[in-house]
Asks: 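Just dropping this structure here.
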Amino acid sequence: MSNQHVAEATDAQTRQGENVTSQGNNTVVSVVLFIVLFGLFIGGLYMMSLFAAVPFMIGLGMSMLALLGTFDLVPRFLS
């Protein structure tokens, strides 16, 4: 085997290692976060459906908190 073949094989292994982005997220943590945030969002929608000013505002806050958690806090936590 020539030196060129050895160098090409080493370069190929190096490039293959660079293509790996991450090990992924823990499945249990992902499922628990999904259940908590989805439940908070659905609870907020239910509260907003009660047609009164105070429950509507509480439900709106719950839904906004769920969306904040989903799009801002979860990417920070799982990264």
Side-chain angles (χ1 to χ4, degrees):
M1 203 162 163
S2 70
N3 288 340
Q4 183 178 2
H5 287 109
V6 172
E8 288 175 1
T10 305
D11 288 342
Q13 288 175 348
T14 303
R15 278 183 259 130
Q16 184 179 12
E18 291 173 356
N19 288 336
V20 176
T21 56
S22 70
Q23 298 298 323
N25 297 325
N26 187 351
T27 306
V28 175
V29 172
S30 296
V31 169
V32 168
L33 284 173
F34 172 77
I35 290 171
V36 168
L37 292 172
F38 190 70
L40 186 63
F41 184 73
I42 294 300
L45 292 180
Y46 173 74
M47 290 292 289
M48 286 191 290
S49 72
L50 295 177
F51 299 116
V54 174
F56 181 84
M57 296 305 287
I58 293 171
L60 184 62
M62 289 170 62
S63 296
M64 296 301 287
L65 182 63
L67 292 173
L68 173 75
T70 301
F71 294 112
D72 188 46
L73 301 177
V74 169
R76 290 182 194 183
F77 181 68
L78 294 180
S79 296

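Below, each value reflects all heavy atoms present in this structure, side chains not excepted, and no hydrogens, waters or symmetry copies.
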Asks: Quick one: closest heavy-atom pair of P75 and T70, and the distance?
Replies: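 The answer is CD-O, 3.5 Å.
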Asks: Cluster question for you: counting only ILVMFWY and a side-chain heavy-atom cut-off of under 4.5 Å, with indirect links fine, are F51 and I58 together?
Replies: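 No, separate clusters.
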Asks: For the hydrophobic clusters of this structure (ILVMFWY residues joined by side-chain heavy atoms under 4.5 Å, transitively), does one cluster hold both L67 and F34?
Replies: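 Yes, one cluster joins them.
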Asks: Same cluster or not: are M62 and F38 linked, directly or through other Ile, Leu, Val, Met, Phe, Trp or Tyr residues, by side-chain heavy atoms under 4.5 angstrom apart?
Replies: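 No; tracing contacts between hydrophobic side chains, which count when under 4.5 Å, never links both residues.
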Asks: Calculate, to the nearest 0.5 Å, the distance between atoms CG and CE belonging to L40 and M64 respectively.
Replies: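 With rounding to 0.5 Å, CG (L40) is 12.0 Å from CE (M64).
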Asks: If hydrophobic clusters are built by linking Ile, Leu, Val, Met, Phe, Trp and Tyr wherever their side-chain heavy atoms come under 4.5 Å apart, do F41 and V31 end up in the same one?
Replies: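 Yes; V31 is reachable from F41 via cluster members.
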Asks: To the nearest 0.5 Å, how far apart are CG in L37 and CZ in F71?
Replies: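 So the gap between those two atoms works out to 10.0 Å.
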Asks: Give the cluster check for V54 versus L65: same hydrophobic cluster or not, with ILVMFWY residues linked at side-chain heavy-atom distances below 4.5 Å.
Replies: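 Yes.
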Asks: Output all residues satisfying side chain to side chain contact (heavy atoms under 4.5 Å, CB included) with M48, sequence neighbours left out; order by chain, then residue number.
Replies: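 For M48, the residues satisfying side chain to side chain contact (heavy atoms under 4.5 Å, CB included) (neighbours in sequence not counted) are L45, F56, L60, S63.
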Asks: What distance separates N26 CG from L33 CG, expressed to the nearest 0.5 Å?
Replies: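 Rounded to the nearest 0.5 Å, the CG-CG separation comes out at 10.0 Å.
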Asks: Mind listing the closest non-hydrogen atom pair of L78 and S30 along with its distance?
Replies: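 Heavy atoms of L78 and S30 come nearest at CD1-OG, 4.3 Å.
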